[in-house]
Amino acid sequence: MTTTLIPPAPARAHRDPNVLRWLGAYTSSMLGDNVFYLALSWAAVRAGTPAQAGLVMAASALPRAVLMLGGGVVADRLGPRRVVIGSDAVRCAAVLAVAALLFLTDPGLWPLALLACVFGTVDAVFLPAVGALPARITGADQLARVQGLRGLALRGASVVGAPLGGLGVALGGAPAAFALAGALIALSVPLLLSVRVRDLPGGTERAATAWADLKAGLRHVRRHRVLGPLMIAIALGDLGFVAPLNVGLTLLADHRGWGAAGMGWVLAGFGTGAGAASLLLAARGRLPRAGLVTGCACAAGSVAVGTLGFVPGLAAAVGTALLIGLLTGLSGALCGALLQTQADPAYLGRVTAVAGLVSLGLTPLSLPLAAAATGAFGLGPVYAVSAAVCGLGGLVFLAVPALRRAELPG
């Protein structure tokens, strides 16, 4: 596919038609993802035991983690736009094929497990390419604003996707929900085809083999004065954040007697705060002293994470979760913008893959550890330790001069 050269967008990202077409495609794809996972869980529960359904739902995680670094190489060698379009086309075809199969017969769990594996494999190339694409559709001074818009799309898709999937299941069962997911993913393809991209300086640099490209990408991250410590900060922040807002929150709601409705209110508070942070970044476009602001937000967010484990009332928990969402949403969006602007353009896919592996591949390990530690020591100590780990991520930002002084263009 031929790359079309365009100058950096003169308009702000939220008014640039090219960025808005990309945002529409991304939102549609994420909506399809949310509907897909709801349909997959529903179909798996109906076709097997709860344990078997859990294995089906987890089947996408292994190939995604194992192949993520290779996916970054693919994104850099083939170009992120081409990879994203191809990924969405494959996901759409796979989902629609399973929808047709479920409509015609009752094949059991095997096609669901195969579909989950296909999704995980495709995600391994899709996620790095998605991360590398914004730098090719807008100017460097608009990348922070794009990260804010991307955050809003993610929050909106998670809020709307579940009810859409439930509606599909209610109207026609799992086949209808899968068909809806496939249609939403399919909608992203023509939108992506209409997005204009530009070459970046150094964007065609590549080694003789994919393996050499992978080693070069890892070397670029390790030797970079900002990217290396930034990956450590991301790993610590996510390790300390994921467990309290997942398994920890479920246990906390049960222990406090809030029930599922109370847990939903806490999650809504978190989502509102994270959405507000994305909206702030989308509106402002840039925050001065980005590295320092990110470190302070991460450190303050860690305090809020620890506080959540000790608040007795539901209203206070919702307010604390809102603060967590605001602070961690802001630090997460700024981390994404710093990755985009600090990485050499030739390595954007591989840098995004390393960040994705650190976040999506390693942090789930904290979930069983947190559950076991809660049984042994109680909720309070686990939340305190999680907060300390998350706080170490902020400390890395504040302690490393190059990271603390990092700025966004504009």
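Keep in mind that what you see is a predicted model, and the values were worked out from it rather than measured.
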[atom1] of [X]: more than 12 outside heavy atoms within 6.0 angstrom?
X      : atom1 : result
Arg46  : CZ    : no
Trp42  : CH2   : no
Phe103 : CZ    : no

Fit a plane to each ring of [X] and [Y], take the angle between them on a 0 to 90° scale, and name the class: parallel (under 30°), tilted (30 to 60°) or perpendicular (over 60°).
X      : Y      : value
Tyr347 : His220 : parallel
Phe119 : Phe36  : parallel
Trp22  : Tyr26  : parallel

[X] vs [Y] side-chain heavy atoms within contact, under 4.5 Å:
X      : Y      : result
Met68  : Asp123 : no
Leu252 : Tyr383 : yes
Arg136 : Leu348 : yes
Leu218 : Arg350 : no
Ile324 : Thr320 : yes
Phe397 : Cys335 : yes
Asp238 : Val358 : no
Leu127 : Arg64  : yes

When you measure from the centre of the six-membered ring of Phe126, is the NZ or CZ of Arg91 under 6.0 Å away and within 45° of the axis?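 Yes - Arg91 lies over the ring of Phe126, closer than 6.0 Å to its centre and within 45° of its axis.
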Euclidean distance, [Y] [atom2] relative to [X] [atom1], rounded to 0.5 Å:
X      : Y      : atom1 : atom2 : result
Cys296 : Arg289 : SG    : CZ    : 9.0 Å
Gln342 : Glu407 : CD    : CD    : 10.0 Å
Asp141 : Thr341 : CG    : OG1   : 11.0 Å

Could you tell me whether the side chain of [X] and the main chain of [Y] form a donor-acceptor pair under 3.5 Å?
X      : Y      : result
Ser359 : Gly356 : no
Arg198 : Thr138 : yes
Arg81  : Leu193 : yes

Say whether Ser29 and Asp88, considering side chains only, have a donor N or O and an acceptor N or O under 3.5 Å apart.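 Judged by distance alone, the side chains do pair up.
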Scan Leu239, Val396, Leu339 and name whichever one has a side chain to side chain contact (heavy atoms under 4.5 Å, CB included) with Ile234.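 Result for side chain to side chain contact (heavy atoms under 4.5 Å, CB included) with Ile234: Leu339.
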